[in-house]
Each structure stands twice: as structure tokens, then as C-alpha cells.
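Below is one structure, written out as C-alpha cells, with a few remarks after it.
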Amino acid sequence: MYVQYTFYSSETIVNSTSKIIFTDNYQAMIIGSRKLYFEKLASTNSHAHAMLRKGKVQEGTVVYTAFQSAGKGQAGNRWESEKGMNILMSVILFPTVIRADRQFYLTKIISLGVCDYLRSCSIDASIKWPNDIYVKDFKAGGILIENSIIRNEIDHCVAGIGLNVNQKSFPPEIPNPTSMSLITGREYDVEQCISDLCQKLDARYKQLIYNKTGRIDEDYKSSLYRLNQFTEFRDSRGIFEGRIISVSDSGRLHIEDRRGRIYEYGFREVDFL
Ligand code: BTN
């Protein structure tokens with residue numbers, strides 16, 4: 001079944017396709033079942049929030065664009081991306097299956113979906129805790145998850161994904177960027193990348209819906225950048241050598257130092273050197 005919609009916005013004409021697509025095991029696809037393209041947006045996450053404020057949105061709707069004028073990164077940073085070169089998208093979810101105290105599962109499945117996609121392109125990706133997408137020591141993508149919580153329920157989740165695809169040069173202030181193209185030497189069709197990525201994200205979301213959390217935990221842990229490798233970190237006490245040993249259910253990072261002492265950190269409480 002296939003329905004074509006055309007919307008008009010202040011910025012551009014938006015073509016949206018809404019399809020019932022079935023995955024390998026005959027389940028209807030959620031993530032990517034509806035895709036809305038914009039030539040330019042301030043931020044796909046902001047646009048997704050605006051849609052949610054306006055009214056009913058189909059779960060799994062993907063908002064994507066060629067260019068963001070005010071792309072949002074983690075911790076109030078900006079996300080810069082050359083026009084038309086990369087994946088800039090947000091997924092809207094209503095994850096009623098998990099309570100707010102388990103919201104880190106959303107971080108896990110989205111970052112795993114991105115890694116699965118990169119691995120399907122023969123790119124050896126890892127997750128720099130909590131959700132940076134790394135290839136070797138370079139950042140290929142970032143994720144910004146914004147949840148709306150009411151009591152202990154997640155009312156909705158906007159999962160923003162920025163993945164560098166064809167961009168080959170980056171502004172010097174971006175610390176250690178890379179892209180799929182820089183890694184493989186190939187050029188990619190960004191639209192096709194988004195469709196393929198949606199399939200991987202959808203498969204991971206189904207694992208969450210069907211309570212396959214053991215599998216998610218295992219895969220997230222084994223995908224962690226620098227898992228079990230002694231390297232330098234910096235926390236509020238200074239620089240030390242340690243190794244990542246695990247991540248708690250609430251998403252806190254556990255690092256063991258050379259003397260076997262284990263420290264627990266929240267986001268931005270420890271730096272990887
Ligand atoms: C990070 O700082 O690593 C997270 C970056 C997240 C960027 C993506 S791009 C698409 C979506 N819309 C935004 O404004 N931000 C996210």
C-alpha cells in the first residue's frame with residue numbers, strides 16, 4: 001500500500017511518502033514508514049517537536065533535510081553539515097513499552113542502529129559512550145535524543161541523527177571528524193542511505209518493543225569504543241589511566257583504574273583523552 005502526500009511549508013514544498021512496508025519477518029515497518037523531506041530547516045529535531053505540538057503524528061515518522069541553519073548538537077553545541085552531503089534526520093517515536101527510568105534504551109537502540117547500518121557498508125563503527133558514532137578514533141556521526149517525560153512515562157521521543165556521508169572537508173574547529181566517503185573512498189546516494197539506515201533503526205526498535213533487552217545490552221556493550229582498553233581519561237580529580245568496563249541501566253559509565261577501583265560517571269563528567 002502506498003500513499004503520496006504533498007505539503008506546503010513556509011520553507012519549501014515537502015513531499016512525503018507514507019507506505020506500509022513489511023520487514024523480513026512480515027512486521028510492518030515503524031521507523032521510516034513515513035518520511036518528510038525539507039530542502040532546508042533550522043533543525044530537524046526542532047521541526048519534529050513543532051509537528052508534535054501541532055497534533056497527531058504517525059509513529060516512526062522521519063523528518064530529514066539537506067541543510068540545517070541551526071543544527072543542534074549535544075550540550076548546547078551546534079551541529080554543522082555541508083549542504084546535501086550528509087544525513088540530517090529525526091525520528092519521532094512513542095515508546096510506551098519503556099518507562100522513563102529506562103530511557104537509556106533509546107540511546108542504545110538508536111546508536112546500535114547507526115552502527116548496524118555502517119557495518120552493513122563494511123565500516124567498522126563503534127559507539128563512544130554515550131552515543132557518538134566513531135570509526136577508529138574519528139567521529140562519523142552524532143545523536144541527539146530529546147524525550148518528553150510525563151511522570152514516569154515517555155510521552156514522545158525525538159531522536160536526531162547526524163551522520164557524515166559524502167562530506168570530505170570539515171571546518172578546523174570540529175575536533176576529529178570523518179565521513180563514510182573519507183573512510184571507503186566511495187560516493188553515496190544520501191536518500192538511499194537514509195532508507196537503509198531506517199531499516200536498521202527499525203530492527204533495533206523492534207528488539208526494544210519485543211523486550212529483547214538482553215541482546216540490546218550485549219550489543220551496546222560490545223560496540224563501545226575503547227571497551228576494556230586501558231587509556232587516559234580526565235575527571236574532576238585529574239588525568240588517570242583506566243578502562244571502560246560497563247554502562248549502568250541508567251546509562252552511567254563505569255571505568256576501572258589501574259588499582260582496580262571503579263568509578264561511575266554521568267554525561268560530561270569524564271573526558272576521553
Ligand atoms: C552531537 O553533538 O554529537 C549530536 C549531534 C546531533 C545532530 C543531529 S543532525 C539531525 C538532528 N537535528 C538536529 O538539530 N540535531 C540532530
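Side chains included, hydrogens not; waters and symmetry mates left out as well; all remaining heavy atoms used. When a ligand or atom number is given, it counts from 1 through the structure's own listing order. All of these numbers come straight from a predicted model, not from anything done at the bench.
Within ligand 1, counting atoms from 1 as listed, the ones closer than 4.0 Å to a heavy atom of Leu88 are 9 (S). Numbered from 1 in the order shown, with element, the atoms of ligand 1 that lie under 4.0 Å from a heavy atom of Gly71 read 14 (O). Near Lys139, meaning under 4.0 Å from any of its heavy atoms, are these atoms of ligand 1: 1 (C), 3 (O). Those atoms of ligand 1 with a heavy atom of Gly142 less than 4.0 angstrom away are 3 (O), 4 (C), 5 (C), 6 (C). Interface atoms of ligand 1 facing Met89, defined by a heavy-atom separation under 4.0 Å, are 10 (C), 11 (C). Interface of Asp132 with ligand 1, defined as ligand atoms under 4.0 Å from a residue heavy atom, comprises 3 (O).
Residue contact annotation: Ile143 has a non-hydrogen atom under 4.0 Å from ligand 1.
A salt bridge links Lys206 to Asp202: one of the charged nitrogens lies within less than 4.0 Å of a carboxylate oxygen. Using a 4.0 Å cut-off between charged side-chain N and carboxylate O, Glu187 and Lys168 make a salt bridge. A salt bridge is defined here as a Lys NZ or Arg NE, NH1 or NH2 lying under 4.0 Å from an Asp or Glu carboxylate O, and Glu256 with Arg261 fails to meet this definition. No salt bridge links Arg102 with Asp249; every basic N to acidic carboxylate O contact stays at or beyond 4.0 Å.
Polar contact check, Trp79 against ligand 1: no nitrogen or oxygen pair lies under 3.5 Å apart.
Between the side chains of Asp235 and Tyr265, at least one donor N or O sits under 3.5 Å from an acceptor N or O.
When only non-hydrogen protein atoms are considered, atom 16 (C) of ligand 1 lies nearest to Lys72 O, 3.7 Å. For atom 11 (C) of ligand 1, the nearest protein heavy atom (residue, atom name, distance) is Thr44 OG1, 3.2 Å. The nearest protein atom to atom 1 (C) of ligand 1, hydrogens excluded, is given as Gln74 N, 3.5 Å; this is a heavy-atom distance.
In this structure, the ring of Phe272 has its center no less than 6.0 angstrom from the ring center of Tyr134.
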When you look at Lys139 and Phe170, which way does the side-chain contact (heavy atoms from CB on, under 4.5 Å) test go after all the steps?
-> CA-CA 12 Å; Lys139 181 166 170 171; Phe170 294 86; over 6 Å; no

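Distances from atom 9 (S) of ligand 1 to the heavy atoms of Gln68, Arg78, Glu80 put Gln68 nearest.
Figure legend: Arg237 and Tyr263 shown as a cation-pi pair, the cationic atom lying under 6.0 angstrom from the six-membered ring centre and within 45 degrees of its axis.
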